[in-house]
2 protein chains.
Amino acid sequence: MTYAIAEAAHRTGLSIDTLRYYERIELVDPPARDSGGRRAYSDEDLAWLGFLTRLRTTGMPIKLMREYARLRHQGIASAGQRKRILERHREDVRARIEELRSCLGALDYKIDNYERVIGSDHIQEASA
Amino acid sequence: MTYAIAEAAHRTGLSIDTLRYYERIELVDPPARDSGGRRAYSDEDLAWLGFLTRLRTTGMPIKLMREYARLRHQGIASAGQRKRILERHREDVRARIEELRSCLGALDYKIDNYERVIGSDHIQEASA
DNA sequence: GCTTGACCTGGAGTGCACTCCAGCTCCTAC
DNA sequence: GTAGGAGCTGGAGTGCACTCCAGGTCAAGC
């Protein structure tokens with residue numbers, strides 16, 4: 001099964017431009033082409049894009065993702081290095097979650113204060 | 001108690017340039033000045049900067065922070081609007097935490113796979 | 001056979017949040 | 001009284017991750 005770029009974009013949640021951009025910067029390998037020279041993404045391509053999307057979502061910079069992609073090409077020999085990248089990133093993500101959680105506390109506190117100040121949710125229509 | 005810009009930067013964790021930048025874009029009110037025309041940040045200034053930093057940390061765009069700052073100037077009349085901004089943002093933060101958590105699962109899975117593939121942490125020295 | 005729509009390329013442009021710079025002033029310490 | 005360091009201003013530059021564009025190709029349907 002292969003997918004035209006529009007379909008691939010739809011399935012990955014990335015834009016068509018982003019798919020081409022990722023290819024240009026060598027984050028993904030150039031996908032196969034159909035008889036008319038158009039990109040034909042495979043399920044594997046989409047799986048890799050899906051994984052990349054998770055890395056992006058969690059804030060991994062594209063530079064590091066490129067490094068990871070580069071290592072992937074070297075096959076199993078680079079598995080240790082790749083694992084270390086992911087472990088390192090996992091730590092970053094965990095730290096980020098903790099950071100967000102702590103800010104959430106501050107936000108709760110602030111909102112509680114507003115609650116006390118204004119009583120409740122009345123009167124504040126478009127009082128611009 | 002007031003603080004020179006370097007001290008304010010140190011205490012807020014922002015850079016001197018960022019402090020001046022925040023002032024330029026009207027995210028913070030211009031602080032008082034000392035006899036020599038230099039900025040003299042008050043404890044209140046720092047508290048506001050601290051709160052802004054939390055909003056930034058949690059990903060609130062500067063545009064929205066400016067809107068919040070603008071509303072603050074209107075005093076209590078805008079409390080409802082400000083509260084709503086924070087509530088909305090709190091939802092965003094919660095969603096973001098969930099998103100990160102879900103990606104964390106995928107990361108764990110991937111790392112486990114590497115563990116299985118390479119046995120354990122030997123041999124992968126600088127095998128560039 | 002011609003319009004239409006999806007796709008192609010290389011390159012330029014965008015928005016965000018800073019960050020840096022040149023050239024200046026002002027206080028402090030020697 | 002002067003050298004040095006902190007701070008000042010307006011404006012330009014940076015890095016990141018896209019996003020958009022002009023001008024072209026290609027296959028399908030009418």
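Convention: sequence-line order gives letters A, B, ...; per-chain numbering from 1.
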Closest heavy-atom pair and its distance - W48(B), A69(B): CZ2-CB, 3.8 Å
Side-chain H-bond candidate by donor/acceptor type, R82(B) with Y114(A), under 3.5 Å: yes
Please write out each protein N/O paired with an N/O of nucleotides 25-27 of chain C under 3.5 Å, distance rounded to 0.1 Å.
residue, atom, partner, partner atom, Å
dC26(C), O2, R38(B), NH2, 3.3

Under 3.5 Å, which donor-acceptor pairs link side chains of residues 101-112 of chain A to any protein atom two or more places apart or in another chain?
residue, atom, partner, partner atom, Å
R101(A), NH2, E98(A), OE2, 3.0
D108(A), OD1, R90(B), NH1, 2.6

Does [X] pair with [Y] as a salt bridge, N-O distance under 4.0 Å?
X      : Y      : value
R33(A) : E23(A) : yes
E67(A) : K63(A) : no
E7(A)  : R11(A) : yes

R94(B) atom CZ, neighbour heavy-atom count above 12 within 6.0 Å: yes
Neighbour count above 12 (heavy atom, 6.0 Å) for R88(A) CZ: no
Residue mapping more 5' on DNA chain C - nearest nucleotide basis, I62(B) or R39(A): R39(A)
Interatomic distance where CG belongs to D17(A) and C1' belongs to dT9(C) [whole Å]: 12 Å
Range on DNA chain D touched by chain B, heavy atoms, distance below 4.0 Å: dG7(D) to dG11(D)
Touch class at under 4.0 angstrom, heavy-atom based, for R20(B) against every strand present: base
Sugar-phosphate only, base, or nothing, as touched by R24(B) at under 4.0 Å among non-hydrogen atoms: base
Check the interface with nucleotides 28-30 of chain C: list each N/O to N/O pair with the protein under 3.5 Å, or write none.
none

Contacts of E44(B) that satisfy side-chain hydrogen bond (donor to acceptor under 3.5 Å, both in side chains) - sequence neighbours left out: none
Non-neighbouring partners of D29(A) that pass side-chain hydrogen bond (donor to acceptor under 3.5 Å, both in side chains), sequence neighbours left out: H73(A)
